[in-house]
Amino acid sequence: MLHTIKMTVNGELVKAEVFSQMRLLDFLREELDLIGAKEGCGKGECGACTVLVDGEPVNSCLMLAVEADGKEVLTVEGLGEGDRLDAIQQSIVDNSALQCGYCTPGIVMSAKGLLLRNTNPTRDEVVEAISGNLCRCTGYARVIDAIMQVSASSDSQDEGSER
Amino acid sequence: MAREDYLGVGVIRNDAAEKVTGAARYAGDLKFAGMLYAKLLRSKHAHARIVRIDTRKAQDLPGVKAVVTGKDFPNRMGLYLKDRTPYAVDKVRYYGEAVAGVAAESLEIAEEAARLIEVEYEELPPVLDLREAIKPGACLVHPDLDTYEIGAAFFPIPNTNISNHFRVRKGDIEKGFAEADLVFEREYYVPHIQHSPIEPHAAIALYDRNDKLTIWASSQSPFAMRNILSHSLGFPMNKVRVIGPYVGGGFGGKAGLNVEATLVPLAMKCRNVPIRLVCTREEEFRDTFVRQGMLCRLKTGVKHDGRFTAQEFEMYWDAGAYTEYGVNVTRAAGYSSSGVYDIPNMKTDSYCVYTNKPVGGPLRGFGHSENHWAMEQHIDQIAHELGIDPVQLRRINLQRDGSTNATGQVLRNPGIEQCLERAAELIGWQEVSGPGVIGPGVKKVRAKGIACMTKAPAMPNDAASSAIVKLNDDGTVYLSIGAQELGQGSFTVLAQILANELGVRYEDVRVQPIDTDYSAYEWQTVASRITYSCGRAVIAAAKDARHQVLEHAARYFGVPVEDIDIAESKVFVKSDPERCVHISTFSLGVTLPDFSGYGGPVVGRGTFIPEGITAMNPETGQSEKPVANWTYGAQAVEIELDVETGKIDVLKVAAVYDAGRVINPVTAATQVEGGVVQGISIGLLEEMKFSEQGKLLNPSYVDYKISTAADIPDELLVDFVEVPQEDGPYGARGIGEHVMVPTPPAIANALYHAAGIRVRTLPMTSEKVYWALKERVSASLR
Ligand code: FES
Ligand code: FES
């Protein structure tokens, strides 16, 4: 059955007709050509398809497009401004916290979700936030460091503006 | 003279921005107008005759464009042994083998059509047990083995399930054992595991109106894929084109030709329409290459003073339904069977055995993770039997300048001693002798373990590399190579090498994506050989381009060539550095003061082939130079064992490798870090489990766990030794695969030091360790 859905994707209003069984991941990748979210398992086990829905990280392979109706979706393509990378992306680059890069958009979005709700996470909280994102290449340590550094630097900025 | 502007510098990866923004395109991200979707029907039996396939219902389903079966493409193919067809012909040989393929307008239609295909099977007894498979009279997985085309370095035994028998006969094995004061013998086992790249295999195939086959694939081996396809199709190579976008992790699983072949007959039926196949995770686990299981028996003769006198090593590889690539794993594990030790008398037999299991192939380590699992626990145990510290026993037997390895090759200055000493120092090694004993009431215990390794690139003796360097009008540079970026950082390191040699800015170098129609040739991105082999080709190409720029500049400035230098994309007169222009002045040739032209566009070419590698003697495995080079390394770990649950936590790892020369310390370190965690994962978690009928029981991340961010060591110390590789670029040699090899045995050795138990079967799960602990307690009460 076809449904008309409306949602905000990376700040832009999107209206579309979709079949009820279409996954949000396919809607993003196939209909909107936003290929940043990847499919690694299709079963909620790898986190490669992570996007934010109303600020919360979700596995877009487990969510139907119709379930995102009326919501705000943020994908890796929506991060940063113009040529400027988001602080998390920049930190991942600076820390060499990616290799093949296939898991990276998902990890970036999980980290984004964490930092949106907790600007000053502990190392354990960072680990917890990305423990659903499998990465076969990096061994994770640099990824965790990269995310920790973002929270540390946003912390010092906050302090700076308060003074 | 070579500059060193970019050597030993941790420049930012040149693929980072593309990947972190989600802009990087992988094969499964590509989309073409009118593209069709493929789905494969897979066997539900491990071993069966195909009596009948009826595809009519599938064919009649609206939206279905083609249905193919084994009959449509019965040509055998393979890298080293041509034993494989894209779809089963007459017989299925493992649970999951492709039986038919569908191309349709949508994936849903393709899936529906695949379900409508009717297959009638007549079940055959599956060959699932290695020990049964090698018995005389065993049911044969490939009764026609002796008719298959096979490389000269392999030795199948006709009318058996053995597709390769590799032998080492060195010294006098009987004399060696007679001289021993102690003979120590044990069995070890390694289960099947999966590479598990996060990107599943993906490919798109197009057979166009010019009879040209184009494949976009997530592949480590675009040129090898072209080679295999062209041979099996009987197409000239200029009618086969392979395009390789970024690969989302390979680890060996995307080497050679694999699931891509199933698209070929479909593409030939759907002329001019691209067809895409993306593996499901279940297929990725079972129907791409897996790492074969291995059962071995290791017997060592040793003197009271700790010197090895003899070693007998029998390895049986559970190599699966097709061994086109696996045969070389068994060969490599055979010729490296002395490990890092100098053993005067050796007898090694490595058997590649067909079974009705998924197809074995290359996985990071290529047989060495498996044989070192045995060797490095074995030597540790011998140390305890003799009451010698395990590091000391290794010292006594290490290969040194002038030692020989299993092939009888005389070694020059192997870096293993430095690696071992440094790893021991970093972990804070203290002498141990004898098993750990757990006192009453103790809940957690910590201990250290160590293991060494060595590995050579396992490849044909003439595996070649090439590179083309093109200077653009504005002075930016294109580097064309056939080596692939799998995440290991090759594009970055090769761009560094080019920038360094040519004298341009690293940021100005762009490595071109691989397209076999345009890129410079490369055998395959495997065997940790790219920095070494392609690196040499890039140096040569850069030198060639540099020479052209120097000549142009000499004419331009009116000075001798020797008086010109290039740095940071500036070309200047050495004796008068004020006279300096941007390199772009010379990109397309040069305009002289009288406005006449000279030279022409700068295009450098470079090639490399390792020289002097000679075939091993087929009877004895002996050769003066059997391989291009050996990389050595050592790892030490500290673990904490939870005595009540059997859970092992790896707290600290020290990993030291002889990289010859570290070109990029950051990408080198990241290779080690990722490899160590993969090693921990394989050591503690990973195992493919099969039912009694040969069905894979755990093809998902729920049932087959790999390490997550929560499973990593608190501390990981990485260091490098730099004993230059004679023919390596600036002395460099490969390390990419090596880094996960010694992790599991180092953990196993720590476990023995902690609790006096040995788990000789991977993985060291909590459950297994728990029962081993129980057993030890009850044995001590007896
Ligand atoms: S693809 Fe969604 S969790 Fe793996
Ligand atoms: S970088 Fe390859 S999977 Fe994470």
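- Both the backbone and the side chain of B:Ala710 come within contact range of chain A, with heavy atoms under 4.5 Å apart.
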Taking only distance into account, so ignoring hydrogens and angles, what donor-acceptor contacts under 3.5 Å exist between chain B and chain A?
unit_1: B:Arg13; atom_1: NH2; unit_2: A:Gln99; atom_2: O; d: 3.4
unit_1: B:Lys19; atom_1: NZ; unit_2: A:Gln99; atom_2: O; d: 2.8
unit_1: B:Lys19; atom_1: NZ; unit_2: A:Cys100; atom_2: O; d: 3.3
unit_1: B:Val20; atom_1: O; unit_2: A:Gln89; atom_2: NE2; d: 3.0
unit_1: B:Tyr26; atom_1: OH; unit_2: A:Cys100; atom_2: O; d: 2.6
unit_1: B:Gly28; atom_1: O; unit_2: A:Arg29; atom_2: NH2; d: 3.3
unit_1: B:Asp29; atom_1: OD1; unit_2: A:Arg29; atom_2: NH1; d: 3.0
unit_1: B:Asp29; atom_1: OD1; unit_2: A:Arg29; atom_2: NH2; d: 2.6
unit_1: B:Asp29; atom_1: OD2; unit_2: A:Lys38; atom_2: NZ; d: 2.6
unit_1: B:Lys31; atom_1: NZ; unit_2: A:Glu30; atom_2: O; d: 2.7
unit_1: B:Lys31; atom_1: NZ; unit_2: A:Asp33; atom_2: OD1; d: 2.9
unit_1: B:Gln194; atom_1: O; unit_2: A:Arg136; atom_2: NH2; d: 3.2
unit_1: B:His195; atom_1: O; unit_2: A:Arg136; atom_2: NE; d: 2.8
unit_1: B:His195; atom_1: O; unit_2: A:Arg136; atom_2: NH2; d: 3.3
unit_1: B:Arg276; atom_1: NH2; unit_2: A:Glu30; atom_2: OE2; d: 3.3
unit_1: B:Arg281; atom_1: NE; unit_2: A:Gly40; atom_2: O; d: 2.7
unit_1: B:Arg281; atom_1: NH2; unit_2: A:Gly40; atom_2: O; d: 2.9
unit_1: B:Thr670; atom_1: O; unit_2: A:Gln99; atom_2: NE2; d: 3.1
unit_1: B:Gln671; atom_1: NE2; unit_2: A:Gln99; atom_2: OE1; d: 3.2
unit_1: B:Glu673; atom_1: OE1; unit_2: A:Arg142; atom_2: NE; d: 2.7
unit_1: B:Glu673; atom_1: OE2; unit_2: A:Arg142; atom_2: NE; d: 3.3
unit_1: B:Glu673; atom_1: OE2; unit_2: A:Arg142; atom_2: NH2; d: 2.9
unit_1: B:Glu686; atom_1: OE1; unit_2: A:Arg136; atom_2: NH2; d: 2.9
unit_1: B:Glu686; atom_1: OE2; unit_2: A:Arg136; atom_2: NH1; d: 2.8
unit_1: B:Glu686; atom_1: OE2; unit_2: A:Arg136; atom_2: NH2; d: 3.2
unit_1: B:Tyr701; atom_1: N; unit_2: A:Glu45; atom_2: OE1; d: 3.0
unit_1: B:Ser707; atom_1: O; unit_2: A:Tyr140; atom_2: OH; d: 2.7

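- Of the listed residues (B:Ala669, B:Gly10, B:Gly248, B:Pro197), the one with the most heavy-atom contacts under 4.5 Å to chain A is B:Gly248.
- With respect to chain A, the highest number of heavy-atom pairs below 4.5 Å among B:Leu486, B:Ile706, B:Val666 belongs to B:Ile706.
- Atom SG of A:Cys103 is separated from atom CD1 of B:Ile198 by 7.0 Å, given to the nearest 0.5 angstrom.
- Note on A:Ile35, A:Ile144, A:Val76, A:Val126: by heavy-atom pairs under 4.5 Å with chain B, the leading option is A:Ile35.
- In this structure, B:Gly22 and A:Pro105 approach most closely via the heavy-atom pair CA-CG, 4.2 Å.
- Heavy atoms closer than 4.5 Å to chain B are found in the side chain of A:Val108, but not in its backbone.
- For B:Val247, the part sitting under 4.5 Å from any heavy atom of chain A is the backbone (N, CA, C, O) and nothing else.
- The heavy-atom pair separating B:Pro200 from A:Gly40 by the smallest distance is CG-O, 4.1 Å.
- Neither the backbone nor the side chain of A:Leu79 comes within less than 4.5 Å of any heavy atom in chain B.
- With chain B as partner, the option from A:Gly36, A:Cys135, A:Cys100, A:Gly42 having the largest number of non-hydrogen pairs under 4.5 angstrom is A:Cys100.
- Each of B:Ala17, B:Ala23, B:Gly487 has some count of heavy-atom pairs under 4.5 Å with chain A, and the biggest count is that of B:Gly487.
- Ranked by heavy-atom pairs shorter than 4.5 Å toward chain B, the options A:Leu34, A:Leu134, A:Ile92, A:Val143 are led by A:Leu134.
- A:Ala141 touches chain B through backbone and side chain together, each having a heavy atom under 4.5 Å away.
- Only the side chain of B:Val677 comes within contact range of chain A, with heavy atoms under 4.5 Å apart.
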